[in-house]
Amino acid sequence: MADDQRLPETAAEMDWDAAASILADAARGADDGEIFAEDSRSESFLWDDGRLKSASFDATQGFGLRIVAGERAGYGHSSSFDTGAVSRAAEAARAVKLGHDGALDISPARTNRQLYADFDPIEAPGFTDKTALLAEIDSYCRARDPRVVQVTASLAGAHRALTILRPDGARYGDHRPLVRVNVSVTVERDGRRESGSAGAGGREPYEVFIQPERWKAMADEALRIALVNLDSVPAPAGEMDVVLGPGWPGVLLHEAVGHGLEGDFNRKGSSAFSGMVGERVAAPGVTVVDDGTFENRRGSLNIDDEGTPTQRTVLIEDGILKGYLQDRMNARLSGVAPTGNGRRESYAHRPMPRMTNTFMTAGDKDPAEILANLKRGVYAVNFGGGQVDITSGKFVFQCTEAYLVEDGKIKAPIKGATLIGDGPSALTRVTMIGNDLQLDEGVGTCGKAGQSVPVGVGQPTLYITGLTVGGM
C-alpha cells in the first residue's frame with residue numbers, strides 16, 4: 001500500500017515540510033526528481049563445517065536526492081536525515097540543470113495494492129532458534145547418506161522501509177520484507193567430490209520456509225543433485241539441440257534476453273533489440289513477460305523505487321517485440337509510459353530500468369514429448385553462473401545439473417557442460433514450448449552497473465536447436 005500511513009518510522013526523523021521545500025526549489029526547471037529515504041535491516045547466518053561459521057546483522061538508513069534534466073541526473077545522498085544534509089544534497093544535485101529549462105513530469109498514480117504483508121523477519125524466530133535449525137539441517141543431511149562430507153546451510157532475512165517524496169509534495173511508502181534459505185551438500189566417493197544445492201525464498205516470514213517438510217525437501221534436493229553429479233561423465237562438446245527444464249533455467253532468459261529489453265540500453269542503441277519494436281525477434285509461440293505483481297514473490301514490489309506501481313509488461317508476444325522495461329527517465333526520453341521497473345539497490349544509488357519477475361509463458365507441449373524429440377543433445381535442468389554481453393546478447397552459462405540424451409532417452413548425467421550462444425538467435429531457435437511453466441523458488445539476485453536487486457525468473461520446458469555446448 002502506497003500512502004502516508006505506511007511511511008517508515010525513521011522517516012519521522014526528517015523534517016518533511018522542510019525537505020519538500022528544498023526539493024521543490026532544487027527541481028524547479030528540471031524534468032523530474034525525488035527524495036528516496038530508507039531504513040533497512042538485514043541479517044544472515046551461515047552454518048558450515050559442522051558449526052556456525054558466521055552471523056551478521058546490519059542496519060542502514062539514509063536518503064538520496066535526485067534531480068533529472070534531460071539525459072543527465074544529479075544525485076546526492078547522506079546517512080543523516082537532518083535538513084542540512086538535505087540542503088547539501090540538493091545543492092550538489094541541482095548543478096545538473098545548468099543550461100536546461102524543463103517542466104516537471106507528473107507524479108505516479110497511487111495504489112492501495114498490498115502484494116506482501118508488512119512484517120520484520122528479523123524479529124522472529126529468535127537467534128537461538130535459527131542457529132538450532134541450521135544445526136538440525138546439518139544433522140539431517142549427514143544422516144541421509146554416509147557419502148555426505150560437507151553441509152552448508154544459510155538463512156538470510158531483511159526488512160526495507162522506504163519513503164519517496166516528489167517535488168509536488170506527494171509521498172509514497174512501502175515496507176519490503178525478504179527471506180531466503182539455502183542448503184548445499186557435498187558428497188564423496190572414492191576420492192571424488194561433487195556438490196548440489198537448493199534453496200527458497202520470498203516476501204514471506206521465515207516460518208513459511210523453515211517448516212520441516214519445506215527445509216527437508218530442500219535438503220533432499222541438494223543431496224539428490226550432488227549424488228547425480230557424483231555419477232556424471234565428461235560433457236560432450238559441439239553444436240547440438242538442447243532441452244531446458246522449467247523454472248530456474250529461466251535465468252538464461254533473464255540474462256541473455258531480459259537485460260537487452262531494458263529501456264536504457266535500447267534508448268542508447270546499445271542493445272541487440274534496439275529499434276526493433278513491432279518486428280519478429282523470436283519464434284512463433286514465444287511470449288516473454290515481466291510481472292512485478294505476483295503475491296509474495298522475491299521480485300515483486302507494490303511500487304518501484306520511483307513510486308510507480310509495478311505491472312505486468314508483455315515484452316515479446318508470439319515472437320513479436322512489443323516494448324521495453326522503463327523507469328521514469330528513459331520512458332520520458334523515449335516518449336512512452338513508465339512500466340514500474342525503476343529500481344535501485346539502496347538510497348545511495350540512482351534508479352535504472354531493472355527486471356522484477358521475468359519469464360516465458362507456457363506453450364501446449366507435454367514435457368515428455370519435448371524430451372522424446374531430442375535425438376542427441378543435452379537436457380539442462382539447472383544452471384550456475386553465467387556471463388552475457390548486452391550489446392550482442394552472447395552468453396555463456398554453466399550447467400550444474402545436465403544430462404546427455406540419445407533417441408529421446410536420458411543416458412547419463414554430465415559434468416562441466418556450458419551453453420554458449422546469443423539471446424536473439426536462441427529465441428528464434430525455440431521449436432517446442434512446454435505446458436509446465438514454473439517460476440523459480442525465490443533465490444534470484446540480479447546485478448547491473450554495480451547494483452544488486454532481488455528478482456524472479458521462470459519458464460516452461462523448452463526445445464532449442466543448435467546451441468553450442470562446451471565440454472570438459
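No experiment lies behind these values; they were computed from the predicted model shown.
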Flag the pair [X] / [Y] as yes when at least one side-chain heavy-atom distance between them is below 4.5 Å, and no otherwise.
{"X": "R328", "Y": "E34", "value": "no"}
{"X": "E401", "Y": "P413", "value": "no"}
{"X": "L427", "Y": "L253", "value": "yes"}
{"X": "V208", "Y": "R214", "value": "yes"}
{"X": "I414", "Y": "S232", "value": "no"}
{"X": "Y116", "Y": "L301", "value": "yes"}
{"X": "R298", "Y": "L178", "value": "yes"}
{"X": "R180", "Y": "P454", "value": "no"}

Under 3.5 Å, side chain of [X] to main-chain N/O of [Y], donor-acceptor pair present?
{"X": "E306", "Y": "I164", "result": "no"}
{"X": "T287", "Y": "D318", "result": "yes"}
{"X": "N229", "Y": "S195", "result": "yes"}
{"X": "R203", "Y": "S300", "result": "yes"}
{"X": "D436", "Y": "T461", "result": "yes"}
{"X": "T131", "Y": "T128", "result": "yes"}
{"X": "R332", "Y": "D105", "result": "no"}
{"X": "D138", "Y": "A153", "result": "no"}
{"X": "Q459", "Y": "G245", "result": "yes"}
{"X": "N266", "Y": "S274", "result": "yes"}

Exercise. Kindly determine whether D241 and T465 satisfy side chain to side chain donor-acceptor pair (under 3.5 Å), including the steps that lead there.
Key: CA-CA 4 Å; D241 294 354; T465 62; 4.9 Å; no
Would you compute the distance between atom [atom1] of [X] and atom [atom2] of [Y] and round it to the nearest 0.5 angstrom?
{"X": "I433", "Y": "Y463", "atom1": "CD1", "atom2": "OH", "result": "14.0 Å"}
{"X": "N435", "Y": "T361", "atom1": "CG", "atom2": "OG1", "result": "12.0 Å"}
{"X": "R376", "Y": "E406", "atom1": "CZ", "atom2": "CD", "result": "5.5 Å"}
{"X": "I316", "Y": "F273", "atom1": "CD1", "atom2": "CZ", "result": "5.5 Å"}
{"X": "F265", "Y": "M352", "atom1": "CZ", "atom2": "CE", "result": "8.0 Å"}
{"X": "E262", "Y": "K448", "atom1": "CD", "atom2": "NZ", "result": "3.5 Å"}

Write down the atom of [X], the atom of [Y], and the distance for their closest heavy-atom approach.
{"X": "S452", "Y": "E345", "result": "N-OE1, 2.8 Å"}
{"X": "A402", "Y": "V378", "result": "CB-CG1, 4.1 Å"}
{"X": "P121", "Y": "Y206", "result": "O-CE1, 3.1 Å"}
{"X": "V183", "Y": "A219", "result": "CG1-CA, 4.1 Å"}
{"X": "M218", "Y": "A200", "result": "CE-CB, 3.6 Å"}
{"X": "F383", "Y": "C399", "result": "CE2-SG, 3.8 Å"}

Under 3.5 Å, is there a donor-acceptor pair between the [X] and [Y] side chains?
{"X": "D48", "Y": "T152", "value": "yes"}
{"X": "T310", "Y": "T293", "value": "no"}
{"X": "T356", "Y": "R343", "value": "no"}
{"X": "R297", "Y": "N357", "value": "no"}
{"X": "T428", "Y": "R280", "value": "no"}

Are the charged groups of [X] and [Y] less than 4.0 angstrom apart, N to O?
{"X": "D231", "Y": "R189", "value": "yes"}
{"X": "D327", "Y": "R344", "value": "no"}
{"X": "D407", "Y": "K409", "value": "no"}

Quiz item: Do Q326 and R267 pass the side-chain contact (heavy atoms from CB on, under 4.5 Å) test, and can you show the C-alpha distance, the side-chain angles, and the key distance before you say yes or no?
Solution: CA-CA 10 Å; Q326 304 287 0; R267 181 179 62 80; over 6 Å; no
Quiz prompt | Verdict with reasoning, Y324 to V277, per side-chain contact (heavy atoms from CB on, under 4.5 Å) | solution = CA-CA 9 Å; Y324 308 115; V277 171; 3.6 Å; yes
Practice problem: Look at the rings of F294 and F359 and say which category their plane angle falls in: under 30° parallel, 30 to 60° tilted, over 60° perpendicular. | Solution: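 Rings of F294 and F359: tilted, 30 to 60°.
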Practice problem: For the pair W215 and Y140, name the ring-plane relationship: parallel under 30°, tilted 30 to 60°, perpendicular over 60°. | Solution: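 Perpendicular, since the angle between the ring planes exceeds 60°.
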Exercise. Answer yes or no: are there more than 12 heavy-atom neighbours, outside K53 itself, under 6.0 Å from its atom NZ?
Key: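 No, NZ of K53 has 12 or fewer neighbouring heavy atoms, counting only those of other groups under 6.0 Å.
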Quiz item: So W248 and N382, side-chain contact (heavy atoms from CB on, under 4.5 Å) or not? Walk me through it.
Solution: CA-CA 7 Å; W248 178 247; N382 223 325; 2.9 Å; yes
Quiz prompt | Derivation and outcome, side-chain contact (heavy atoms from CB on, under 4.5 Å), residues L321 and L261 | solution = CA-CA 9 Å; L321 181 60; L261 297 176; 3.6 Å; yes
Quiz item: Cation over ring, R110 on Y172, under 6.0 Å and within 45°?
Solution: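 Checked: cation-pi criterion met.
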